[in-house]
Amino acid sequence: QNFEEALAHNYKKASANYYLGEIAYYTQEYSDAISYYKESASLYDKASYMKVLYLHTAISLARTGQEDKAKGFFQFVVDNYPNTKAAEIAKKNL
């Protein structure tokens, strides 16, 4: 609710969308998660949470049957965030 209020007031829209995406992801609302992550990334793609955002986008895509798109995101995580836990998880999904 607080993140939705933040969005309504144009406050930290990128991070609010990310956290709404995380809530949707962990409640298995993967299509919603994808939408929130996409909006967050479009607003600010330099955030510290981007490796998780991309990884969770990939997992969400895979769980909604979008395997080809998911593989692209998994590969992106491996290529752009090497030597991270996110890359390790992404490699297992390729």
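We use all heavy atoms of the structure for the numbers below, so side chains are in, but hydrogens, waters and symmetry mates are not.
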### Query
Should we say atom CG of D68 is surrounded by more than 12 heavy atoms from elsewhere, each under 6.0 Å from it?
no

### Task
To the nearest 0.5 Å, tell me how far N17 CG sits from L53 CG.
9.5 Å

### Task
Would you indicate whether the side-chain heavy atoms of N80 and M50 approach each other to under 4.5 Å?
no

### Message
Quick check for you: to the nearest 0.5 Å, what is the distance between Y26 atom OH and H56 atom NE2?
### Response
4.0 Å

## Note on the structure
When every non-hydrogen atom of A33 is compared with those of G21, the smallest separation belongs to CB-O, 3.5 Å

### Query
Are F74 and I59 close enough that some pair of their side-chain heavy atoms sits under 4.5 Å apart?
yes

### Query
So do the side chains of L55 and Y81 get within less than 4.5 Å of each other, counting heavy atoms only?
no

#### Entry: Smallest separation among heavy atoms of D32 and A24, with atom names
CB-CB, 3.9 Å

### Query
Roughly how far apart are K69 NZ and T64 OG1, rounded to 0.5 Å?
8.5 Å

## Note on the structure
Correct closest heavy-atom pair for A58 and A70 would be O-CB, 3.3 Å

### Query
CD/E29 to OG/S60 distance, rounded to the nearest 0.5 angstrom?
10.5 Å

## Note on the structure
Test ring pair (Phe, Tyr, Trp, His ring centres under 6.0 Å), reference Y49, set Y37, Y18, Y54, output is Y18

### Message
Let me check something: do Y30 and I89 share a hydrophobic cluster, defined by ILVMFWY side-chain heavy atoms less than 4.5 Å apart, either directly or through other members?
### Response
yes

### Inter-residue atom distance S40.OG - L20.CG, 0.5 Å rounding
10.0 Å

### Task
Considering only NZ, NE, NH1 and NH2 on the basic side and carboxylate oxygens on the acidic side, decide whether K91 and E88 come within less than 4.0 Å.
no

### Task
Supply the atom-to-atom distance Y19 OH to Y36 OH, rounded to the nearest 0.5 angstrom.
15.5 Å

### For the student: nearest non-hydrogen atoms of V52 and E22, plus distance
CG1-OE2, 4.1 Å

